[in-house]
**Student:** 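Please find one structure pasted underneath; my questions will follow.
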Protein chains: 4
Amino acid sequence: MSTPAEPKRRADAVRNRRLALDAAMALLAEPGATLTVEAIARQAGLGAATVVRAFGGKDALLDAAVSGLLEPVVRRARDLLAETTAYQALQTFLGELIAFQTAHHAVNDQLDGLELPATTALRAGLVAAVEEMIEGARREGAIRTDIAPAVVTTLLGRTALAVARAQPPSQALADAYLTVLLDGLRPTG
Amino acid sequence: MSTPAEPKRRADAVRNRRLALDAAMALLAEPGATLTVEAIARQAGLGAATVVRAFGGKDALLDAAVSGLLEPVVRRARDLLAETTAYQALQTFLGELIAFQTAHHAVNDQLDGLELPATTALRAGLVAAVEEMIEGARREGAIRTDIAPAVVTTLLGRTALAVARAQPPSQALADAYLTVLLDGLRPTG
Amino acid sequence: MSTPAEPKRRADAVRNRRLALDAAMALLAEPGATLTVEAIARQAGLGAATVVRAFGGKDALLDAAVSGLLEPVVRRARDLLAETTAYQALQTFLGELIAFQTAHHAVNDQLDGLELPATTALRAGLVAAVEEMIEGARREGAIRTDIAPAVVTTLLGRTALAVARAQPPSQALADAYLTVLLDGLRPTG
Amino acid sequence: MSTPAEPKRRADAVRNRRLALDAAMALLAEPGATLTVEAIARQAGLGAATVVRAFGGKDALLDAAVSGLLEPVVRRARDLLAETTAYQALQTFLGELIAFQTAHHAVNDQLDGLELPATTALRAGLVAAVEEMIEGARREGAIRTDIAPAVVTTLLGRTALAVARAQPPSQALADAYLTVLLDGLRPTG
DNA sequence: AATGAATGAGGGTTCATTCAT
DNA sequence: GATGAATGAACCCTCATTCAT
């Protein structure tokens, strides 16, 4: 009695789509990885044509991979907003964002360059969530109000991205980012 | 009787090297420019083989071009260090750095990706100069001392790069970067 | 006790072969249709492997499909030969041939290009029938005798094909074809 | 004093462009030839990338090749129109057209399918020239007037194409085409 | 010595066929 | 036995480099 008849014939297809996706995500995590279809296919143990067919083009594959990586991040931002104060959410989330981006390095390049539908949507969701945190923190009196929330959001996002890109990864740098940015955002006066 | 007939032939070579370099620098300044050898050659009014021959490969050309763009920035950092207080130098320099990187957008990609010798050296020089500013500002009591100078340097450098990369360029973002970062670096206590 | 259990299993096979054939014929009738195996399978509501297996290769499938379309044409030629005078048969048949080829546009390309056994045989049958019409009409004194029947047959066949291929289809052109060709075939003297 | 300084550096380029063009034309003349870029390049003794570069894409190459083949045909039609009566021009030209199309077999496929600018223009010129012949011949009282000139032109053009396509080529067929079509076009009454 | 042109390697994509379910 | 998926071959195209002029 649990969705019995519908996904009948795709046990291996789903598995291989998953393999291709995982391979792409794994390569996205490596700093200097070659992101060709062939490289992704090799990593997945599949043929090149298979991964193309599974997604309908390289762009769609990258879109899916980046989205797959980004989606839990956005969800986590939403969860934090619901659970605690906006400022606390901001603090926690920024730390986790850096950790994520550090662990999935090449995602950042994709985020900058391409125009991929799902990724774009998720990024917008991420921006919206951070902006809510900023606005909430302003109302809570936790951060300064002389800079527009949208600007603060962009600043936090882009600098997080940059910090994550540092080679080699550095926890000290991530900590410094959090400390300096949040201190710099304290209410003036 | 010194340098008999040898440098005469090289006059054209020097001129063409300069032309290729200028062309590459100009293209590096444009956001979406095509950085193929042929495009650079066309911009320079030269043949494709000439620009390759003048540098011995595309990588070397890019190294030279990026270095050419970076060199005045490093020199400017040095000059500021000599002219004024370290903190004042830091403030001024960060503003100019953002402006430079915003104006020479594509340089950033090259800075991240490749490992080019001259560029790497210059980047090291840049890091060293900023690190001197940080250390000086610490001695001046102008900034906090609970974060290692090297970490602060990396933080400032990488975030400047990220802010410059913002699309579209935003002066408000650059201002916010300066304000928030420098406020966040104020001495604690 | 004859044919014990064997043909039962083949009921589905026969049905699917029919479905694939109909699908291919339908696509052959459309001018710009995509004639990939997958497209034919989709049109048939079958899997791609099924249509291949049912015929043992794409070429064999096309052979069968084209033959299926051509077969009634040949039979019609035979019937006309039996029913009426040779010249009358010729007149009627040419008109119908053009109409058929116009309605099943893509068949023409296949007729020209490939060398498919069944199709080749049918085409030979078609040629033979037309040739009989020509010879009969000669005996009836209805057409000129200074051109070899085989040549006249080829001329009529190939020009019919060309007229059918006209884009956009034109009834005026078909009429002109009939008028001019038949007038041009009138007995000399 | 004869165009001395302008085409300085292209002796080999022109030669190879010519080679590629000739190769394409040669393959266009063969009935079942493979018209891939690689096949053309092999025929020309060049690399595949070279022929692409020389024309900027496969379509442009085919356009040039077909146009190169078609251009003298159109010019010949124009010349005939200037030299003699329209009907005589028509008779002569149709014979030559068949001969040409027989000798350059595959041109016909390209003429049917693609939308190539130069080829399309030339084809329009060809149609216009033949139409002028028809109209002139009507005024001369040499051909029937109960079929629209445009229809006659299409009929002659498409059937010439079809006759040329006959395999194996047959002079008897070409002669029959001319005889039957022109007799069929005689004035009625 | 400069250069336009040639090229070989590599990219993404499509498709007829084969295989595992 | 039917099938969705896998695949290897083939296609067109781009580009950094090399060569002949």
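Chain A is the first sequence line, chain B the second, and so forth, proteins listed ahead of strands; every chain is numbered from 1. What you see below is based on every heavy atom in this structure, not just the backbone, and it leaves out hydrogens, waters and symmetry mates.
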**Student:** Nearest heavy atom decides the nucleotide; on that basis, is G56(D) or G47(A) closer to the 5' end of DNA chain F?
**Tutor:**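 Result of the comparison: G47(A).
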
**Student:** Identify the two heavy atoms, one from T34(C) and one from L27(C), that lie closest to each other, and give their separation to 0.1 Å.
**Tutor:** O-CD1, 4.1 Å

**Student:** Closer to the 5' end of DNA chain E via nearest nucleotide, is it G57(A) or K58(C)?
**Tutor:**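 So the residue in question is G57(A).
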
**Student:** With a 3.5 angstrom cut-off on both distances, give the Watson-Crick or G-U wobble partner of dA20(F), or none if there isn't one.
**Tutor:**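 Partner of dA20(F): dT3(E).
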
**Student:** Output the rounded distance in Å from CG (L46(C)) to P (dG4(F)).
**Tutor:**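 Interatomic distance, CG of L46(C) to P of dG4(F): 9 Å.
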
**Student:** Within the pair N16(D) and dA6(E), is there a side-chain N or O less than 4.0 Å away from OP1 or OP2?
**Tutor:**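 The answer is yes; a side-chain N or O of N16(D) sits under 4.0 Å from OP1 or OP2.
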
**Student:** Would you mind telling me which residue lines up with the more 5' stretch of DNA chain E, A54(D) or T34(C), judged by nearest nucleotide?
**Tutor:** A54(D)

**Student:** Under 4.0 Å, heavy atoms only, any strand: does T50(D) hit a base, just the sugar-phosphate, or nothing?
**Tutor:** base

**Student:** Using atom CG of L35(B) as one end and atom P of dA16(F) as the other, report the distance to the nearest whole Å.
**Tutor:**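 My rounded result for the distance is 9 Å.
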
**Student:** Given that A48(D) and R53(C) both sit by DNA chain F, which one's nearest nucleotide is further toward the 5' end?
**Tutor:** R53(C)

**Student:** So what's dC15(E) paired with, Watson-Crick or G-U wobble, going by both distances under 3.5 Å?
**Tutor:** dG8(F)

**Student:** I want to verify a distance call: between dT18(E), dA16(F), dC12(F), whose nearest atom is closest to the T36(B) side chain?
**Tutor:**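 So the nucleotide nearest the side chain must be dA16(F).
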
**Student:** Consider the side chain of V37(A), meaning its heavy atoms from C-beta on, and name the nucleotide among dG12(E), dT18(E), dA16(F) that approaches it most closely.
**Tutor:** dG12(E)

